[in-house]
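Report on the structure given below.
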4 protein chains.
Amino acid sequence: MAYRTSDKVRDKKDAKRTAMMQTAVQVFAEKGYHAATVRDIVQKAGVAIGTFYFYFPDKETLFVYLYEETGEFLAQTLEQAISSKTVLHQQVAAAVQAYVNIALYEPAVVHLMLVGGIGAVPSLHEKRSGFRERMAQMWQRPLDFATDEGKLPDQNTRRSAEMIAGACDEAILNLIAQPNAEESGVATVRDITLFVLRGLGYNSSAE
Amino acid sequence: MAYRTSDKVRDKKDAKRTAMMQTAVQVFAEKGYHAATVRDIVQKAGVAIGTFYFYFPDKETLFVYLYEETGEFLAQTLEQAISSKTVLHQQVAAAVQAYVNIALYEPAVVHLMLVGGIGAVPSLHEKRSGFRERMAQMWQRPLDFATDEGKLPDQNTRRSAEMIAGACDEAILNLIAQPNAEESGVATVRDITLFVLRGLGYNSSAE
Amino acid sequence: MAYRTSDKVRDKKDAKRTAMMQTAVQVFAEKGYHAATVRDIVQKAGVAIGTFYFYFPDKETLFVYLYEETGEFLAQTLEQAISSKTVLHQQVAAAVQAYVNIALYEPAVVHLMLVGGIGAVPSLHEKRSGFRERMAQMWQRPLDFATDEGKLPDQNTRRSAEMIAGACDEAILNLIAQPNAEESGVATVRDITLFVLRGLGYNSSAE
Amino acid sequence: MAYRTSDKVRDKKDAKRTAMMQTAVQVFAEKGYHAATVRDIVQKAGVAIGTFYFYFPDKETLFVYLYEETGEFLAQTLEQAISSKTVLHQQVAAAVQAYVNIALYEPAVVHLMLVGGIGAVPSLHEKRSGFRERMAQMWQRPLDFATDEGKLPDQNTRRSAEMIAGACDEAILNLIAQPNAEESGVATVRDITLFVLRGLGYNSSAE
DNA sequence: CATGAATGAGGGTTCATTCAT
DNA sequence: AATGAATGAACCCTCATTCAT
C-alpha cells in the first residue's frame, strides 16, 4: 500500500534533506558555527525544529559533515582541474578558473570553508587544519613536478603552495564581496594566474 | 599630593585594565569570540566576574574594541615598516619581516585578527571587512608608487595587494602552527618576499 | 461468511493489539514509564509509530490501562489461590506459590506493578494506591476469618496484611533479581509462608 | 573589605544550598526523578533557574547525591539503633522505632528512598540496588548473631532480612499515607516489632 | 573598587502526537 | 489499516549581565 508510493516519498525526503542541507550551508556560511542556531536554519528552511532532528542527528554532526563534504567538493574540483592539464601554467589557470567558478556560482561553499568554520567546536579545528593541509598539498604537487622538470627555480614548494592558496582565497573572497562579481570573473582569473606563475618564477617561454 | 595619589590610582587601574585586556586577547584568540566566555577571561586574569563589568561595558564591546586596537597595531606596524623604506623590494621585505616578527613574538595578535573574530557578532563583519580593506590598501600604496616609477608592469594593483595580503596571512598562519617556528622565521621572510616581488613582476635589476 | 471474515479481522486486530500491549508491558516494566518511549515500544513490536496511535489513544492511557489490567490479573490470581483453600496456612501457601509462579514465569508483571509505575504520571498515584489497597484487603480477609475462628491471636489484621504484602514483594523482587531464580522458587515459597504464618502468630497445631 | 563579611556570606550560601537541597528532596520524593523538573524545584524554592546550576552541577548529579545522602542517613540511623541494643527483640524494636520516627518527622526521606528513585536514570538502578542490599544486610546481621546464640531457629536469614525490610517499608508507607499518622506511631512500632519477631520464630521467653 | 550570588533569555535536544498518503 | 514525515511544547543547561554587599 504505502509501498507503491514509497519511492516517491523517499525521493521527496531526499530532496528535502538536500534542501535543508543547502539551507544549513548558507546559514553556517553566513553566521559561522556558533552564531548559527538550529532555529535559524529551520526558520530559513520553513520547517519545524523537530524536522531538523528528524533528518540530522545534531547540529555539530551536521556541521562537520557539511564542512567535510563541502571541502571535499572544493578540493576535488580543483584537483580535477589540475589533473586535466599537463603543463604548469595551464594547471594553475584551470584550478583558479574552477575556484572562481565555484565562488561565483556557489559563494556559500567558499564562505563555509574560509569563514564559517572558525572558532567553532574543537573537532572542527582538525577538520579545518585538514582542509588547509589538503589545499596546500594540492598546490604543491604540480610545483614539485614542474621543479623536477626544470620549469621552476629551486624553492620551498610547500611554502609556495601555501602562499598560492592564501592569495587565491583572499582574492576570491574580495571578488564575491563585490556587487557584480561575475563581470570581474575573467579578469580575476587572469590576474591570479599571472601573479601566481610569476611568483613561482615560472619560465613560460621554456615551453 | 592629591594629584600624585590620583595618578597612581589611575595608573594602577589602567594597569589592571590593560592586563585584563591582554588576557582577553589571548582567550579570544585561542577560542574565538563565542567559545570564549567572560568567565574564561576573568579566571585567567585572576579577578572576579564583577570586575570585568567594572572595566568594560560588555563582552561584545570589548571584543570589538580589542579587534580594532589589535588591527590598528598590526596595520600601523606594517605601515611604518613600509614607510621606513623607499624602494619596493625593501618595503616588502620590511613589512613581511615586521609581520613575521609579530607572529613569532605575539601570535595571539595574528590569531585574533585572522581566526578569532570570524562568524562572531554581526557588528564584527564590518570591522573585519575594514581591517582587510586597510591591509589591502596598505599594500596597494607602494605598488601604485612603484608602478608610477615604472618599476612594476601594468596590473590591477588592488588585486595584487589582496593577493599579497592573503599569501602573507596563509604562510604566517602555517609558520606559527609549527612547533619551532622561530627557526623558520628568516627563511619564511625570504620566501614570502621573493614570491611577492616575483608575483608583482618586479624588476629588481632596474635599481 | 461476512461474520466469519469480520471475526477474523477482529481477531487479527485483537491479536496485534494484544501483542503490542504485551510488548508495552515489557518495555514499561524494564525502563519505567518516563524512560520508556513510544518509539521503544513500536520498535520492539516491529510496527510504525502511527500504528501505536491507531490502537491506543496515547501513552498515558495505555500505561494506566496496562497497570490496571496487570494489577487485576495479579490480584485475581492471588485471590483465587486463597479462595481455593479453606484453612489459613494453606491459603497463605497457595497465594505465595501463585505469586512466585507469576514472578518466575512473567517477571514483567511484577516489575510493572512494583517498579515500573512509580513517580510517573499523577493519575498513576491513585491507581498505585488502589492496587496496594487491594492487595492489603486481599490478605486481610483470610486473616479476619481466621481471627473469628480463633486461629489467630488478636491483632491489627490490616497492618498484618500490609506487612505480608510488603514482605512478599521484597522477597520476590530479590528472587527474580537472581540469575537462576527458578531453582530457588520452592525454598522461597516455603520461607515466605513460614515467616508469614509465624508472624501472624498462627497456631498450626490447632487444626 | 568583602573579606570581613565573607563568613556571613558563606554561611548564607550554605544555608541556601541546604534549603534548596531539602526542596529538591521533597520534589523528587513527590514526583520521582523524571517527572520532577528543575523548574519545579526552583519554583518551589523561589529562585531562578540559573541559581540551581550555580549550586549544583546538574539534575542527575544532585539526585544521585541526594539519594545516596538520604540512604546513608536512613541506613546509619537504623544501624545505630540496632547497635545500641544487644538482644534481638530490643534491636528490632529500636530499629523499627527509629524508622517510624523518620517517617513521621521527615516523610520525604522515606518517599525518596522507596518511591522517588525508581525508573530513573541507569546509574540510579545500582544506587537503588545498593540501598536495598544495605538494608537487607543491616537486618541480617542481628539475625545471624541471634541464630548463633540459639535464639532463632534455623532459617535463611538473608531472606528473613529481606522480608523484614519489605514488611517495614510497606507498613510505614501506609502509615504516612494516613491523615493523622503520629497518633498511630506507637501502635505501628508495636505491631511491626511483634510481627517481625514472631515471623523469625524468636523465643522471647529464653531471656 | 571589588566581589560573586543571582538572574533569565536563549540554545540544543527529546519525544508524544498528528495527519497526509 | 498502516505508515512515518512533520510538528512544537517542554526539557536541561549555559552564560552574559546585574546589583547588593
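These numbers were taken from a predicted model, which means no experiment stands behind them. Quick note: numbers below take in every heavy atom, side chains included, and nothing from hydrogens, waters or symmetry partners. So that the names make sense, note that chain A is the first sequence line, chain B the second, and so on, each numbered from 1.
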note = E:dG8 -> Watson-Crick or G-U wobble partner, both distances under 3.5 Å, gives F:dC15

task = Fit a plane to each ring of B:Tyr33 and B:Phe28, take the angle between them on a 0 to 90° scale, and name the class: parallel (under 30°), tilted (30 to 60°) or perpendicular (over 60°).
result = parallel

ask   = How about B:Lys44 and B:Glu30: do any of their side-chain heavy atoms sit closer than 4.5 Å?
value = yes

query = OP1 or OP2 of E:dC1 less than 4.0 angstrom from a side-chain nitrogen or oxygen of B:Lys16, does that happen here?
reply = no

task = Quick one: pull up CG in B:Leu124 and CZ in B:Phe131 and give me the separation to the nearest 0.5 Å.
result = 12.5 Å

task = Output the distance between atom CD (A:Glu69) and atom CD (A:Glu72), rounded to the nearest 0.5 Å.
result = 7.5 Å

Pair assignment for F:dA20, Watson-Crick or G-U wobble, requiring both distances under 3.5 Å = E:dT3

C:Gln43 CD - F:dG4 P separation (whole Å) = 11 Å

task = Could you check C:Phe54 against A:Tyr55 and say which one's nearest nucleotide on DNA chain F is further toward the 5' end?
result = C:Phe54

query = Could you state the interatomic distance from CG (A:Leu66) to CE (A:Met21), rounded to the nearest 0.5 Å?
reply = 5.0 Å

task = Could you tell me the separation between the CE atom of D:Met20 and the C1' atom of E:dT7, rounded to a whole number of Å?
result = 12 Å

ask   = With sugar-phosphate meaning primed atoms plus P, OP1 and OP2, does D:Lys12 contact a base, only sugar-phosphate, or nothing at under 4.0 Å between heavy atoms?
value = nothing

remark   = Letter by letter from the 5' end, nucleotides 13-18 of chain E scores (B base, S sugar-phosphate only, - none; protein heavy atoms under 4.0 Å) BBSSBB

ask   = Using 30° and 60° as the class limits, which term best fits the ring planes of A:His34 and B:His34: parallel, tilted or perpendicular?
value = parallel

inquiry  = Whole angstroms only, please: what is the CD1-P distance between D:Ile41 and F:dC13?
reply    = 10 Å

